[in-house]
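Structure first, commentary second.
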Protein chains: 2
Amino acid sequence: MEPIGKFRQRCYIRLMKWTDLPNEGCSVARTMSVLGDRWTLLILRDTLFGIRRFDDIQKRLKITRHVLSDRLKRLESHGLLERKPYQERPTRYEYHPTQAAKDFVPVMQAMTAWAQTHLPTEKSEPYRFLDRATRTPTDPKVIDANTGAEITSQSIWVEANRD
Amino acid sequence: MEPIGKFRQRCYIRLMKWTDLPNEGCSVARTMSVLGDRWTLLILRDTLFGIRRFDDIQKRLKITRHVLSDRLKRLESHGLLERKPYQERPTRYEYHPTQAAKDFVPVMQAMTAWAQTHLPTEKSEPYRFLDRATRTPTDPKVIDANTGAEITSQSIWVEANRD
DNA sequence: CACTTGGGTTCCAAAATAGAACTCACATGG
DNA sequence: CCATGTGAGTTCTATTTTGGAACCCAAGTG
C-alpha cells in the first residue's frame, strides 16, 4: 500500500457519523443526536401542545408519513414520547410527551424568543406561551441560578475541560 | 381524472419541504430552518468557542469537508457567521460568530443543562460555561422576566393564536 | 524543485427524504 | 352482505443529501 510516483496521499481523519453522536461527551452533540433534524423538534412541540395522533401531526406539519413514523419511533426509543392506546377495537395509539420532553419546554421558549429577535417574520406565531397563573405572555430569559444574573455571551466564560 | 371501478383515491395533502420552513410563522420552525440538522449547531458552537478555521472545525467535528463548506455558507447567509480574512498571501478566512450567534449562547446553555439531566453519559463535557466574573460554573435556568419565576412545563399555558 | 498547508471543489456510492400508493383492522350505512 | 370511510401505518420509486475519498490551487518551506 505504498504511494507510487507522483501519487501523494494526504492524511485523512476518520469521519464521525450521525450514529456516533449519542456517545459524545458534549451535551449539545447528544441533543443533536436526538433532535438534530428538520422535523423532530416540531413533532415534539406538537405533542407538547396537545396534538398527539399520527394523522393530526401529519396534517399539521405536512411531513411525509414515512418520516413521521420513523421520528415517532426514535423519540419513543429515546424516552421523549410514550405510545399509549386511546381506544380499543381497533386499538389506536397516541404519543404522549414524557417528563424529559416537558422539561424541554423552557429551552423551546428561549429558542422562540431568540428567533423572534433574530429571524423575524411578518407572520404571526401559531401558539404563544402564557404564565399559567396570570395568563400573560411570558418573557423568557436564561439566568444563572447561582448569581441570579441574566446569562449573555458577555457574562460567561468558556473553558475547555481537561481529561 | 375520475376514479374507475375499484380504484379509490384518498385525498393527500400538499407536503411541506424544508425550504418552506423559513417562511413559517412558528419560531421553532424558523429556528429549525437554520439549525435543524445534525451538524450546524455544532459548527456554530465551535465558532463561539473560538474554533473558527475550516480545517480546525473539520478536524474537531470529523465532518465531511463538503458538508462543512455548505453549512458555513448557510450560516453566513443567515447572518450567524461572518467570513473575515485573517492573513494575506495567500488570503485565508475565518468564520466569526455575529451578535445573533452570540445571542444563541444562553439557549445552548439551557439545552446543555437539559441534556445533562435527560441524556446522561459517563464521558465528561469537553467545555464548560463559567460566570465571567466569579469563574464558577453557571447553573442555567429559564425564567419569566415578568414574574421572576422559573419557567417549567407546569408554570406555563399554551394558547393557539387566532388570526 | 519536492513537498506541505489551508481551504476549498469534484466525483461516486450510500443513505435519507418526498411523494404517492397500498395494507390492515374495524366501523358505518343501506 | 357490500361499498365506503378512518386511523395508523408500510411499501415502492425517484430525487436529494450525505459520506468518503481524491483532486485543485495559491503560496510557503527546505
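The chains referred to below are lettered A, B, ... by the order of the sequence lines, with proteins before strands, and numbering in each begins at 1.
B/Thr152 places none of its side-chain heavy atoms less than 4.5 Å from the side chain of A/Asp103.
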(request) Evaluate salt bridge (charged side-chain N to carboxylate O under 4.0 Å, His left out) for B/Glu76 paired with B/Arg83, printing each intermediate quantity in order. (result) CA-CA 7 Å; B/Glu76 202 191 344; B/Arg83 188 161 171 267; 5.2 Å; no
(request) Evaluate the salt bridge (charged side-chain N to carboxylate O under 4.0 Å, His left out) criterion for residues B/Asp70 and B/Arg74: first the C-alpha distance (whole Å), next the side-chain angles of each, then the deciding distance (0.1 Å), finally the verdict. (result) CA-CA 6 Å; B/Asp70 180 81; B/Arg74 211 206 291 290; 3.5 Å; yes
(request) For salt bridge (charged side-chain N to carboxylate O under 4.0 Å, His left out), just list the numbers for A/Asp144 and B/Lys141, CA-CA rounded to whole Å, side-chain angles, deciding distance to a tenth of an Å, and then say yes or no. (result) CA-CA 6 Å; A/Asp144 176 3; B/Lys141 301 268 184 228; over 6 Å; no
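Taking only side-chain atoms of B/Arg65, from C-beta outward, the nucleotide of C/dG6, D/dA27, C/dT9 with the closest atom is C/dT9. Comparing D/dG9, C/dA16, C/dG19 against the side chain of A/Thr64 picks out C/dG19 as the nearest. Closest to the side chain of B/Tyr95, from the set D/dG19, C/dG8, D/dG7, is C/dG8. Set against C/dG7, D/dT18, C/dG8, the side chain of B/Val67 has D/dT18 as its closest nucleotide. Minimum atom distance to the side chain of A/Lys59 is reached by D/dG7, of the listed D/dT10, D/dG7, C/dC26. Side-chain proximity of B/His66 to C/dT10, D/dA8, D/dT11: nearest is C/dT10. Checking C/dT17, D/dG28, C/dG6 against every side-chain atom of B/Arg38, the shortest atom distance belongs to C/dT17.
In this entry the distance linking CG of A/Asp70 with P of C/dG19 reads 17 Å, nearest Å. Separating the CD atom of B/Gln87 from the C1' atom of D/dG28 is a distance of 10 Å, rounded to the nearest angstrom. We find that CD of A/Gln58 is positioned 11 Å from P of C/dA18, with the value rounded to whole Å. Rounded to whole Å, atom P of C/dA18 lies 11 Å from atom CG of A/Leu68. B/Asp55 places its CG atom 6 Å from the P atom of C/dG6, with the value rounded to the nearest Å. With rounding to whole Å, A/Arg74 atom CZ is found 8 Å from C/dT17 atom P. The interatomic distance linking B/Lys62 (NZ) with D/dG20 (P) rounds to 13 Å, in whole Å. Between B/Asp56 atom CG and C/dG8 atom P there is a gap of 12 Å when expressed in whole angstrom units.
Proximity of B/Ser69 to the phosphate of C/dT9: a side-chain N or O atom is located under 4.0 Å from OP1 or OP2. Checking the phosphate oxygens (OP1, OP2) of C/dA25, no side-chain nitrogen or oxygen of A/Tyr93 falls inside 4.0 Å. For A/Lys73, a side-chain nitrogen or oxygen approaches OP1 or OP2 of D/dT10 to under 4.0 Å. Taking side-chain N and O atoms only, A/Arg71 has a distance below 4.0 Å to OP1 or OP2 of C/dT17.
Side chain of A/Asp46 to backbone of A/Ile57: no donor-acceptor contact under 3.5 angstrom is found.
A donor N or O paired with an acceptor N or O is not found under 3.5 Å between the base of C/dG7 and the side-chain atoms of B/Arg92.
Mapping A/Thr91 and B/Leu72 onto DNA chain C via the closest heavy atom, the residue that lands nearer the 5' end is B/Leu72.
We find that B/Glu94 and B/Arg53 are joined by a salt bridge, their nearest charged nitrogen and carboxylate oxygen being less than 4.0 Å apart.
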